[in-house]
Amino acid sequence: MIGADTRDDVVGKRSRRAFAPRIGGHLTDTSRSLVRARWAYLFILPSVVATVLFQLGPSVQAFAMSFFDARVRSSEFVGLMNYVALTNDPLARTAIKNTILFVAVTVPAIVVFSLVTAATLSYFHPRIQAFFRGAYYLPVVAGSVIMAITWRWIYNSAYGVLPQGLTALGIRPPLFLGDPSIAIWALAVIAIASGLGAPIIIFMASMAAIPTELRDASRVDGCDERQVFRHITLPLLRATILFVMVVATIAALQTWELVYLVTLGGPEYSTYTLGYFIYVVAFNNGAFGYASAAAVVLLILVLLVVGIQMRLLGFRR
Amino acid sequence: MGFTVLLAGALLLTFPLYWMIMNSFQGYAQVIKLPPNLFPREPTLGNWERLFDVGGARWLLNSVIVSSGGLVLGVLGATTAGYAFAKKRFPGRDALFSVYLATMAMPGAVTVIPLFIEMRDLGLINTHLGMFIIHASWPFGAFFARQYLKTIPDELLEAARIDGAGELRTFMSIVLPLARPLVGALSILAFIGTWNNYLWQLLMASDDSMFTVLVGASSRGSGRVVSDLGLTMAAATLAFIPMLLIFLRFQGHFVKGVTTGALNQ
């Protein structure tokens with residue numbers, strides 16, 4: 001056709017595509033956007049399928065299971081009985097108490113120590129900063145399992161380096177893992193040591209992002225280092241501090257590996273955490289329903305604590 | 001003064017790892033000797049021999065297989081989803097992304113029980129697939145990928161569309177090559193995340209030959225409590241070395257991965 005030839009000459013064959021009729025030109029706006037979106041849905045499909053199968057689905061199932069006395073080979077609807085049983089279960093109450101105590105000690109320690117360390121490091125040469133950053137991050141590289149395995153032998157009353165060292169110094173070492181009033185603090189030390197690495201990196205990056213003009217200006221105005229930190233650096237870091245606190249809290253509330261690998265909940269249930277309780281009930285006792293109820297309680301606890309933190313320290317506007 | 005404290009802290013944190021490696025080369029008598037050696041006086045390979053006798057090599061292989069599977073599935077899901085979230089407009093996009101963000105806060109304890117039952121019913125207990133398939137779901141990966149892919153200029157994709165490239169072609173020939181750093185960072189994070197998923201590996205393994213190196217080192221897999229300290233330390237060292245190597249080689253990616261979530265709040 002004559003018209004087509006002329007068009008090709010003028011604008012070139014490729015650009016003809018741009019003048020081509022739109023896909024589904026006869027459809028409505030909504031359905032047209034859905035049609036054009038079909039590729040978006042295709043791209044997102046693998047991830048969504050996996051998320052439904054391995055994340056959303058199980059979450060809903062867990063919630064449902066909490067209303068059943070679900071066991072390995074049987075299942076029976078019991079309504080709220082699991083939750084009632086939890087309130088009457090002394091071990092559950094101990095677990096919750098221990099967990100909250102654990103979080104209350106380890107999270108502030110992690111936030112404060114990592115903040116101070118990052119701040120101190122910021123005054124040193126970049127090479128030195130990188131060296132220490134790596135050293136403090138090494139426990140994270142090793143992972144919580146290896147940290148637990150190594151520290152459990154360090155604390156060991158018979159062969160451990162720590163008791164031996166104290167004895168050598170003339171101090172009578174306590175039974176770190178055998179004393180009900182000390183064991184949980186021994187675990188807390190491990191948790192804090194393992195938990196410093198990532199916050200240090202985060203704080204170092206955040207501090208580096210603060211424009212030096214701010215600090216220089218305040219120094220010209222006569223502020224010393226401590227004031228600069230308190231009035232310039234800290235306020236600017238508030239969002240980061242909140243983030244670190246929330247992430248550390250969520251992790252600490254779920255503490256399981258440390259208990260399983262170091263103390264198995266003892267001595268005398270002093271290190272029983274909620275996470276460990278759920279594990280024992282589910283996989284030692286086979287009471288999936290009851291364990292799921294405890295897991296829902298853990299979820300509520302997480303939402304509560306994080307909600308409080310955000311309210312107190314975050315979104316005040 | 002601050003430097004001394006910093007150094008003390010660094011020593012405190014790294015000493016257990018140093019001690020672990022040293023003890024893997026000491027015989028039992030040397031290990032329990034009081035006072036303990038700071039450096040092996042009579043280094044021996046006995047622990048390592050025993051480790052490979054009980055299946056240490058198999059454990060390491062299992063860890064590598066499972067982590068590789070988690071890497072492939074995780075990166076695949078994350079990049080495709082991240083691309084859709086970053087560059088595509090579709091009904092339900094923002095709601096779906098909020099759901100993804102919400103799942104990141106869900107405690108593992110909630111999902112692990114139904115997941116275990118699911119795997120049992122699918123017959124995937126004690127299989128490699130069962131151990132890594134759950135890592136196909138990785139909301140953080142999608143979040144990370146979205147952040148990165150947003151920086152790809154829309155004009156680039158538009159130009160490709162005008163040139164007649166199909167969606168798949170655009171993704172593979174334009175987006176992916178530009179996203180190589182992203183894929184690198186995601187790969188490392190996915191590999192390590194899967195490697196360290198101790199609970200799941202413990203639950204999925206029902207006999208020694210399917211232990212991953214972490215489960216084997218923890219000596220809880222079969223209910224034994226190991227009093228063979230040298231063997232335990234050798235196994236732990238074996239579990240540590242790959243992670244150490246990856247860290248030394250890819251330190252930059254670690255820092256990037258850790259700071260991305262934090263600095264974009």
Side-chain angles (χ1 to χ4, degrees), chain A residues 14 17-18 33-34 37 39-41 43-44 46-47 50-51 54-56 58-59 61-62 65 117 120 132 135-136 138-139 141-143 145-146 149-151 153-154 159 161 164 168 193 198 201-202 205-206 239-240 243 250 254 256-257 260-261 275 278 282 288 291-292 295-296 298-299 302, chain B residues 2 6 9-10 12-14 16-17 19-20 31-32 34-36 76-78 80-81 83-84 88 90-91 103 105-111 113-115 117-118 134 136-137 139 142 162-164 167 196 198-199 214 217-218 220 229 232 236 239-240 243-244 247 251 255 258-259 262-263 265:
Chain A
R14 272 177 169 192
R17 265 292 190 120
S33 73
L34 275 172
W39 273 103
Y41 290 129
F43 271 111
I44 213 161
S47 178
T51 305
F54 305 124
Q55 190 81 20
L56 295 174
S59 303
Q61 280 173 284
M65 227 184 341
T117 307
T120 316
F132 276 105
Y136 279 89
L138 220 47
V141 175
V145 176
I146 290 179
I149 296 173
T150 52
W151 277 90
W153 281 106
I154 287 181
Y159 315 124
V161 174
Q164 299 311 323
I201 291 185
I202 294 174
S206 296
T240 315
F243 175 80
I250 294 179
Q254 299 179 52
W256 165 80
E257 264 168 28
Y260 181 71
L261 290 171
I278 295 170
F288 295 138
S292 292
V296 170
L298 175 60
L299 172 63
V302 168
Chain B
L6 275 178
L12 178 71
L13 260 50
T14 52
L17 295 170
W19 196 72
M20 167 187 82
V31 156
I32 63 170
L34 312 171
L76 219 82
T80 50
Y83 177 60
K88 303 258 163 238
F90 55 95
T103 58
M106 181 71 83
V110 173
T111 54
I113 300 170
L115 267 179
I117 298 175
E118 207 173 295
I134 58 166
S137 167
I162 290 179
D163 274 353
E167 288 289 355
N196 282 326
Y198 175 73
L199 172 58
L214 279 182
S218 71
R220 290 268 200 258
L229 180 58
T232 307
F240 176 55
M243 291 292 111
L244 180 64
F247 174 66
Q251 245 189 73
V255 179
V258 167
T259 54
L263 295 188
Q265 294 305 304

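First the proteins, then the strands, lettered A, B, ... as listed; each starts at 1.
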Separation between CD of B:E118 and CZ of A:F54, rounded to the nearest 0.5 Å: 6.5 Å
Which atoms of B:F240 approach chain A - backbone, side chain, both or neither, heavy atom under 4.5 Å: both
Atom group of A:Y136 that falls short of 4.5 Å from chain B, counting heavy atoms: both
Interface residue of largest heavy-atom contact number with chain A, from B:A109, B:A10, B:A136, under 4.5 Å: B:A10
Engaged part of B:I117 at the chain A interface, taking heavy atoms whose separation is under 4.5 Å: side chain
Closest-packed option against chain A by number of heavy-atom pairs under 4.5 Å, given B:T103, B:I113, B:V110: B:I113
Non-hydrogen atoms of B:L17 and A:A142 that approach each other most closely: CD2-CB, 3.7 Å
Largest heavy-atom contact set with chain A, pairs under 4.5 Å, which of B:G77, B:P114, B:A84, B:A105: B:P114
Under 4.5 Å from a heavy atom of chain B, the part of A:P58 involved: both
Value rounded to 0.5 Å, distance of OG in A:S206 from CD1 in A:I201: 11.5 Å
Choice from A:A282, A:A295, A:A168 maximising heavy atom contacts with chain B below 4.5 Å: A:A295
Contact origin within B:T111 toward chain A - heavy atom pairs under 4.5 Å: both
Choice from B:N196, B:L244, B:L214, B:I134 maximising heavy atom contacts with chain A below 4.5 Å: B:I134
Gap between atom CZ of A:F43 and atom CD of B:E167 - 0.5 Å precision: 6.0 Å
Distance (rounded to the nearest 0.5 Å) between B:Y83 OH and A:S47 OG: 16.0 Å
Closest-packed option against chain B by number of heavy-atom pairs under 4.5 Å, given A:L56, A:V141, A:T117: A:V141
Distance in Å, A:I149 CD1 paired with A:E257 CD, rounded so as to fall on 0.5 Å steps: 10.0 Å
Any donor-acceptor N/O pair, A:Q254 side chain to B:G108 backbone, under 3.5 Å: yes
Parallel, tilted or perpendicular: rings of A:Y260 and B:Y198 (30°, 60°): tilted
Chain B interface, residue from A:V302, A:L299, A:I278, A:I250 that has the most non-hydrogen pairs under 4.5 Å: A:L299
